[in-house]
Amino acid sequence: MDYKVRTRVKQIVVDEAVPVGTDVTVLGLARTVRRSKEVAFIMVNDGSCMQDVQGVIDNPDNYPELEKILTGAAVRMKGTLVESQGKGQKFEIAVQSLDLIGEADATYPLQKKRHSFEFLREIAHLRPRTNTFGAVNRMRSRLAYAIHKYYQERGFFYIHTPIITASDCEGAGELFRVTTLDLDNIPRVDGKINWDEDFFASEAFLTVSGQLEGELLATALGDIYTFGPTFRAENSNTARHASEFWMIEPEMAWAELDDDMDLAEDFLKYLFRYALEECGDDMAFFGKWIDKELIGTLESVVASDFERITYTKAIELLEKSGQKFEYPVQWGVDLQTEHERYLTEKTFKKPVIVYDYPLDIKAFYMRVNDDWKTVRAMDVLVPRVGEIIGGSQREERLDVLQEHMKRKGITDYEPYSWYFDIRRWGSMPHAGFGLGFDRVVMYITGMANIRDVLPFPRVPRWAKF
RNA sequence: UCCCGCGUAGCUCAGUCGGUAGAGCAGCUGACUGUUAAUCAGCGGGCCGCUGGUUCGAGUCCAGCCGCGGGAGCCA
């Protein structure tokens with residue numbers, strides 16, 4: 001049996017690259033079968049695109065296996081491509097043969113009806129076969145490609161930072177531990193765990209960020225980016241947090257905060273434009289079924305400039321807004337979700353970049369401003385999703401870095417020796433940020449829950465499939 | 001981790017004042033139709049999350065537990 005002869009549904013209905021009259025073989029899953037005495041219709045989807053292709057069977061009585069082709073069955077359909085007599089599709093296939101390859105009986109959980117996203121999460125092994133999750137997974141692939149395209153075309157090098165890390169000083173949340181020790185029989189010395197006996201002869205964790213290593217590579221290669229999985233063991237139970245997620249972290253040598261913000265804005269707009277221009281049929285689906293305002297929102301964001309305001313200005317605006325917030329606004333406290341949403345959804349109605357945050361609420365590696373009150377940090381906030389990018393200009397001055405760390409109570413410099421070394425020799429200004437890939441996919445598709453943009457999400461109490 | 005809500009048929013849900021379990025979809029049977037998640041008629045389908053309590057009687061009220069969802073914090 002030759003499976004290579006098949007024609008993808010996308011070539012027929014999206015690209016319209018198959019001439020009428022061509023004999024085609026379509027391999028895919030039956031979505032619905034409508035049968036009567038004189039004629040039967042079968043919708044087949046092969047995952048290559050959103051749309052199904054319709055097969056028309058003029059003499060259903062000659063196809064006894066048709067009775068066994070229920071929703072979800074894998075079928076091979078051969079026939080001639082013709083212009084459709086009916087409404088709703090341009091082309092259809094006049095079926096000459098139809099074979100049942102893999103049966104799906106009535107217990108198949110995906111029926112031709114709307115299922116709740118909550119139910120579909122429980123059958124994550126099957127949900128890619130639905131319209132919504134087929135579209136989401138196609139979008140993830142297309143956007144991942146767009147990310148590489150964007151950076152490669154601009155001279156950034158794709159680098160691979162370690163997923164296993166020995167330093168728990170990455171400073172971005174709780175870490176998952178990696179060990180080969182026998183947990184029922186942990187070796188101890190003086191009552192403490194003897195990490196010398198563990199696989200790496202030290203404690204080891206899953207990375208929460210590739211940034212620190214990214215900085216090292218940037219000082220050598222110029223502009224770099226990472227794109228890989230990231231792990232946070234936070235007990236976060238929200239629609240926008242996952243324990244395992246994908247992050248893009250560009251890092252530019254010879255760059256300051258303005259350059260960082262320029263890159264962030266240009267990069268996001270590029271991805272939005274790419275989705276609108278290159279993923280039309282899937283985006284049309286999201287615009288119709290997930291969020292009616294989606295396309296318009298993305299188009300207006302691409303056309304407009306992101307608002308850029310200092311943290312201090314943001315606090316002023318929130319104080320003057322007259323809005324009652326659950327968490328009172330005050331210079332020095334971090335912006336709460338309600339504050340971020342007010343800025344993006346009410347004040348500006350578009351993405352907002354807030355920069356120059358108070359030194360006390362940001363990480364030690366961010367470049368200190370001369371007043372020693374603020375650091376060169378920036379967050380990109382978007383309506384609905386919230387923080388989508390967090391970044392900063394890095395502290396390149398060794399003495400200032402160490403003074404900053406001292407003020408933050410970090411006194412053990414030993415784990416940071418290599419981080420200090422690139423400031424000790426040939427230090428230069430550099431900046432970068434982290435973009436949550438899954439949050440971008442949420443924003444672009446309109447999907448409201450991060451568990452529905454990851455094929456197999458990992459969140460507290462859930463690591464199935 | 002905290003606050004709130006929910007858990008009933010394969011799925012989506014209703015279930016009044018505490019009185020012996022209901023609809024739509026899917027499936028099955030049949031009819032009909034160039035149909036579009038087709039339509040029409042009929043049929044089958046239940047550990048009401050678990051444990052305990054109140055009561056003559058609990059899907060319904062109470063407590064605990066488990067699970068899920070929404071919001072918050074942490075953050076991308």
Side-chain angles (χ1 to χ4, degrees), chain A residues 30-43 45 51-58 60 67 70-72 82-89 92 94 104-123 130-131 170-174 208-211 229-249 264 289 325-327 333-341 361-363 379-382 385-391 433-443 448-454 459-462:
Chain A
R31 282 290 175 77
T32 75
V33 178
R34 296 180 288 272
R35 183 165 187 253
S36 62
K37 206 178 291 177
E38 304 295 323
V39 65
F41 301 93
I42 178 170
M43 306 300 279
N45 186 286
Q51 289 89 338
D52 309 327
V53 67
Q54 171 166 275
V56 186
I57 298 160
D58 279 329
E67 291 182 15
L70 305 178
T71 297
V82 297
E83 286 185 30
S84 180
Q85 295 173 34
K87 291 171 188 162
Q89 61 282 316
E92 61 193 17
D105 68 14
T107 61
Y108 182 58
L110 293 173
Q111 292 303 329
K112 45 184 170 181
K113 66 184 293 267
R114 235 186 139 87
H115 291 94
S116 69
F117 290 151
E118 290 82 358
F119 168 66
L120 292 171
R121 280 171 213 153
E122 294 171 14
I123 52 168
T130 64
N131 285 336
E170 298 188 21
E174 296 290 312
V208 295
S209 165
Q211 180 203 312
T230 307
F231 307 89
R232 307 260 167 105
E234 303 286 349
N235 189 11
S236 298
N237 293 284
T238 80
R240 59 189 185 285
H241 287 86
S243 311
E244 174 183 307
F245 62 97
W246 286 66
M247 189 154 66
I248 303 106
E249 294 180 288
W289 295 103
F325 294 110
E326 192 185 336
Y327 293 86
V333 302
D334 209 354
L335 295 179
Q336 304 294 315
T337 297
E338 57 174 342
H339 304 142
E340 297 178 348
R341 293 190 64 158
I361 59 173
K362 288 292 183 183
D379 286 352
V380 180
L381 315 174
V382 297
V385 175
E387 184 179 340
I388 202 166
I389 281 178
F433 59 79
L435 169 68
F437 179 61
D438 313 281
R439 287 187 181 175
V440 173
V441 176
M442 288 173 71
Y443 187 71
N449 195 310
I450 200 166
R451 282 166 275 208
D452 297 327
V453 298
L454 282 150
V459 297
R461 294 185 303 280
W462 189 272

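Protein chains get the first letters and strands the later ones, always in sequence-line order, with residue 1 at the start of each.
- Counting non-hydrogen atoms under 4.0 angstrom, Gly434(A) reaches the backbone sugars and phosphates but no base.
- Nucleotides C40(B) and G7(B), compared at atom C1', are 35 Å apart to the nearest Å.
- Atom CZ of Arg35(A) and atom C1' of G34(B) are 16 Å apart (whole Å).
- OP1 or OP2 of G73(B) sits under 4.0 Å from a side-chain N or O of Gln336(A).
- Residues that satisfy the salt bridge (charged side-chain N to carboxylate O under 4.0 Å, His left out) test with Arg451(A), not counting sequence neighbours, are absent from this structure.
- At A72(B), one or more side-chain N or O atoms of Arg240(A) fall inside 4.0 Å of OP1 or OP2 (strictly under the cut-off).
- U39(B) and A21(B) are spaced 29 Å apart, taking the C1' atom of each and rounding to whole Å.
- There is a side-chain donor-acceptor pair under 3.5 Å between Thr32(A) and Arg34(A).
- Between Leu335(A) atom CG and C74(B) atom P the separation is 11 Å, expressed in whole Å.
- Taking side-chain N and O atoms only, Thr337(A) has a distance below 4.0 Å to OP1 or OP2 of G73(B).
- Judged by distance alone, with hydrogens and angles left aside, Ser236(A) brings a side-chain donor or acceptor within reach of the base of C74(B), the pair sitting under 3.5 Å.
- As rounded to the nearest Å, G46(B) and C3(B) have C1' atoms that lie 34 Å from one another.
- In terms of the side chain to side chain contact (heavy atoms under 4.5 Å, CB included) criterion, residue partners of Tyr327(A) (sequence neighbours excluded) are, by chain and number, Gln336(A), Glu338(A), His339(A).
- Rounded to whole Å, the distance from CD on Glu249(A) to P on A76(B) is 9 Å.
- Using a 4.0 Å heavy-atom criterion, one finds that Ser84(A) contacts the bases of the nucleic acid, with or without backbone contacts as well.
- Rounded to whole angstrom, the span from the CD1 atom of Ile450(A) across to the C1' atom of C74(B) amounts to 14 Å.
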Grab the N/O contacts between the protein and nucleotides 9-15 of chain B below 3.5 Å, and write none if there aren't any.
residue: C11(B); atom: O2'; partner: Lys113(A); partner atom: NZ; Å: 2.7
residue: C11(B); atom: O2; partner: Lys113(A); partner atom: NZ; Å: 2.9
residue: U12(B); atom: OP1; partner: Ser116(A); partner atom: OG; Å: 2.8
residue: U12(B); atom: O4'; partner: Lys113(A); partner atom: NZ; Å: 3.4

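- Here Arg451(A) lies in heavy-atom contact (under 4.0 Å) with sugar-phosphate atoms only.
- A pairwise comparison of heavy atoms in Ala448(A) and Ala239(A) identifies O-CB, 3.5 Å as the closest pair.
- Thr238(A) is linked by a side-chain hydrogen bond (donor to acceptor under 3.5 Å, both in side chains) to His241(A), counting only residues two or more places apart in sequence or in another chain.
- A donor-acceptor contact under 3.5 Å is not formed by the side chain of Glu338(A) with the base of G71(B).
- The separation of U60(B) from G49(B), taken at their P atoms, amounts to 8 Å, rounded to a whole angstrom.
- Regarding contacts with the backbone of U35(B), every side-chain N or O of Arg34(A) stays at 4.0 angstrom or more from both OP1 and OP2.
- Here Thr230(A) lies out of heavy-atom contact (under 4.0 Å) with every strand.
- At whole-Å resolution of the value, CG in Asn449(A) and P in C68(B) are 13 Å apart.
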Dot-bracket assigned to RNA chain B with the 3.5 Å Watson-Crick/G-U criterion, [ ] for crossing and | for other-strand pairs, is (((((((..((((.....[..)))).(((((.......))))).....(((((..]....))))))))))))....
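- Residue ring and base: Phe437(A) does not count as stacked with A76(B) (centre distance below 5.5 Å and interplanar angle below 30° not both satisfied).
- Rounded to a whole angstrom, the distance from the P atom of C28(B) to that of G71(B) is 39 Å.
- Each of Leu381(A), Val382(A), Val380(A) was scored for a side-chain contact (heavy atoms from CB on, under 4.5 Å) with Glu387(A), with one residue passing: Leu381(A).
- Judged as a side chain to side chain contact (heavy atoms under 4.5 Å, CB included), and not counting sequence neighbours, the contacts of Ser116(A) are Glu118(A), Phe119(A).
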Hey, what are the protein-to-nucleotides 2-4 of chain B N/O distances that come in under 3.5 Å?
none

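- Residue contacts for Ile389(A): at a heavy-atom cut-off of 4.0 Å it reaches the sugar-phosphate backbone alone, with no base atom in range.
- Considering only residues two or more places apart in sequence or on other chains, Thr71(A) meets the side-chain hydrogen bond (donor to acceptor under 3.5 Å, both in side chains) condition with none of them.
- Within 4.0 Å of Glu92(A), counting heavy atoms only, lies at least one base atom of the nucleic acid.
- Applying the salt bridge (charged side-chain N to carboxylate O under 4.0 Å, His left out) test to Asp379(A) and every residue at least two apart in sequence or in another chain returns Lys362(A).
- In this structure, the side chain to side chain contact (heavy atoms under 4.5 Å, CB included) partners of Trp289(A), at least two apart in sequence or on a different chain, are Arg114(A), Phe285(A).
- The side-chain hydrogen bond (donor to acceptor under 3.5 Å, both in side chains) test applied to Glu67(A) returns no partner, not counting sequence neighbours.
- Atom C1' of C13(B) sits at a distance of 29 Å from the matching atom of A72(B), rounded to the whole Å.
- Counting to the nearest Å, the C1' atom of G70(B) and the CZ atom of Arg121(A) are 11 Å from each other.
- Nucleotides C48(B) and G30(B) have their P atoms positioned 34 Å apart, rounded to a whole Å.
- Residues Val440(A) and Tyr443(A) fail the side-chain proximity criterion, which asks for heavy atoms closer than 4.5 Å.
- The heavy-atom pair separating Leu454(A) from Glu244(A) by the smallest distance is CD1-O, 3.9 Å.
- We find that CD1 of Ile42(A) is positioned 16 Å from P of U36(B), with the value rounded to whole Å.
- Looking at residues two or more places apart in sequence or on another chain, you find a salt bridge (charged side-chain N to carboxylate O under 4.0 Å, His left out) between Arg35(A) and Asp61(A).
- Contact of the Gln89(A) side chain with the Asp52(A) side chain is not registered, since no non-hydrogen atoms from C-beta on lie closer than 4.5 Å.
- As judged by a 4.0 angstrom heavy-atom cut-off over every strand, Ala242(A) is placed among the base-contacting residues.
- Comparing the same atom, P, in U55(B) and in G67(B) gives a spacing of 32 Å after rounding to whole Å.
- Phe41(A) places its CZ atom 16 Å from the P atom of C32(B), with the value rounded to the nearest Å.
- Here the side chain of Arg232(A) is nearest to one of A76(B), G34(B), G67(B), namely A76(B).
- Residues Thr32(A) and Gln89(A) each lie close to RNA chain B; by heavy-atom proximity, the contact nearer the 5' end of the strand is made by Gln89(A).
- Residue Arg439(A) has no polar side-chain atom (N or O) positioned under 4.0 Å from OP1 or OP2 of C75(B).
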